[in-house]
Amino acid sequence: MGSFQQFLTDKNIPSEKLLRLSRQLESNGSEGRTLLRQRSASRRGKDTQGKSYESLSIGKPRSGRGISAQQLQAALGDRPLPARVRGKLVRAVNAVLGKQGGSPVDAPTLFGASPVRRGAAKKS
């Protein structure tokens, strides 16, 4: 049993609840659509073209995708996961713990010694 699965069983958190909560947390609401619209307008505008989003104080919208069942199964099996998937899992677990009255946790506490999956190396 992996450290992530052990944590979920200790805290009595069902995996279906994590999937549902992650989908809700990562979905693009009205603020996400507003940010996407602002980013699109800044790319089209003549005076704002070429400027960074940070200098225009436009935040980054959420991805709009929660974790999938395959990603959750990989986490339960202690297989390497990308940093974004780990972040989504941490947000979902912290949301559940917040509702239960627990304190938030970080990724090393959840995943233990399970390595982060890296992408392909850049060609030089």
Side-chain angles (χ1 to χ4, degrees):
M1 184 182 298
S3 60
F4 183 69
Q5 187 172 9
Q6 182 67 37
F7 183 84
L8 293 182
T9 55
D10 289 345
K11 300 291 183 177
N12 294 329
I13 301 173
S15 58
E16 297 83 21
K17 190 174 194 174
L18 277 181
L19 288 173
R20 186 177 60 249
L21 248 168
S22 177
R23 188 175 353 108
Q24 290 172 354
L25 288 172
E26 300 298 326
S27 68
N28 276 330
S30 60
E31 64 274 353
R33 286 189 292 275
T34 303
L35 290 173
L36 286 171
R37 201 174 312 114
Q38 288 174 348
R39 283 175 169 241
S40 176
S42 72
R43 287 192 302 269
R44 286 193 206 111
K46 297 291 182 195
D47 54 341
T48 57
Q49 247 178 359
K51 292 185 180 179
S52 69
Y53 296 128
E54 290 177 355
S55 66
L56 297 172
S57 67
I58 300 174
K60 189 173 185 179
R62 292 189 175 135
S63 68
R65 292 182 171 184
I67 56 171
S68 67
Q70 292 171 340
Q71 291 167 335
L72 183 61
Q73 290 303 316
L76 293 172
D78 271 351
R79 290 191 295 249
L81 294 169
R84 283 191 179 176
V85 173
R86 284 177 170 234
K88 289 177 183 182
L89 284 168
V90 169
R91 277 193 292 277
V93 167
N94 283 336
V96 171
L97 291 177
K99 288 181 181 179
Q100 291 178 351
S103 60
V105 295
D106 55 350
T109 306
L110 280 180
F111 300 108
S114 177
V116 176
R117 190 177 90 190
R118 305 280 183 210
K122 293 183 181 178
K123 294 183 179 179
S124 298

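Numbering of residues begins at 1 and proceeds along the displayed sequence.
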Original post:
So, does Arg86 use its side chain to make a donor-acceptor pair with the main chain of Pro80 at under 3.5 Å?
Top reply: no
Pair listing, ring pair (Phe, Tyr, Trp, His ring centres under 6.0 Å) test, anchored in [range], at least two apart:
range: residues 68-101; answer: none
range: residues 20-44; answer: none
range: residues 64-112; answer: Phe4-Phe111

What are the two closest non-hydrogen atoms of [X] and [Y], and how far apart are they?
X: Ala95; Y: Leu21; result: CB-CD2, 4.2 Å
X: Leu72; Y: Ser15; result: CD2-CB, 3.3 Å
X: Leu25; Y: Ala92; result: CD1-CA, 3.9 Å

Applying side-chain contact (heavy atoms from CB on, under 4.5 Å), can you list everything that pairs with [X], at least two apart in sequence or on another chain?
X: Ser27; value: none
X: Ser40; value: Arg43, Arg44
X: Arg65; value: Ser63, Lys88

Original post:
Partners of Asn12 by side-chain hydrogen bond (donor to acceptor under 3.5 Å, both in side chains), sequence neighbours excluded?
Top reply: none
Subject >> Under the side-chain hydrogen bond (donor to acceptor under 3.5 Å, both in side chains) test, residues paired with Ser55 that sit two or more places apart >> reply: Ser52
Original post:
Atom CD in Glu31, atom CG in Leu36: separation rounded to 0.5 Å?
Top reply: 10.5 Å
Original post:
When rounded to the nearest 0.5 angstrom, what distance separates CG in Leu76 from OG1 in Thr9?
Top reply: 10.0 Å
Subject >> Summary of salt bridge (Lys or Arg N to Asp or Glu O under 4.0 Å) pairs that have at least one residue in residues 45-63, sequence neighbours excluded >> reply: none
**OP:** Kindly give the cluster partners of Leu56, where membership spreads through any ILVMFWY side chain lying under 4.5 Å from a current member.
**Re:** Leu35, Tyr53, Ile58
**OP:** Check each of Leu19, Val85, Leu89 against Gln71 using the side-chain contact (heavy atoms from CB on, under 4.5 Å) test, and report the only one that passes.
**Re:** Val85
Original post:
What residues form a salt bridge (Lys or Arg N to Asp or Glu O under 4.0 Å) with Arg91, not counting sequence neighbours?
Top reply: Glu26
For residues 96-110, dump all side-chain donor-acceptor pairs below 3.5 Å to protein atoms at least two apart in sequence or in another chain.
{"from": "Asp106", "atom 1": "OD1", "to": "Thr109", "atom 2": "OG1", "distance (Å)": "2.4"}

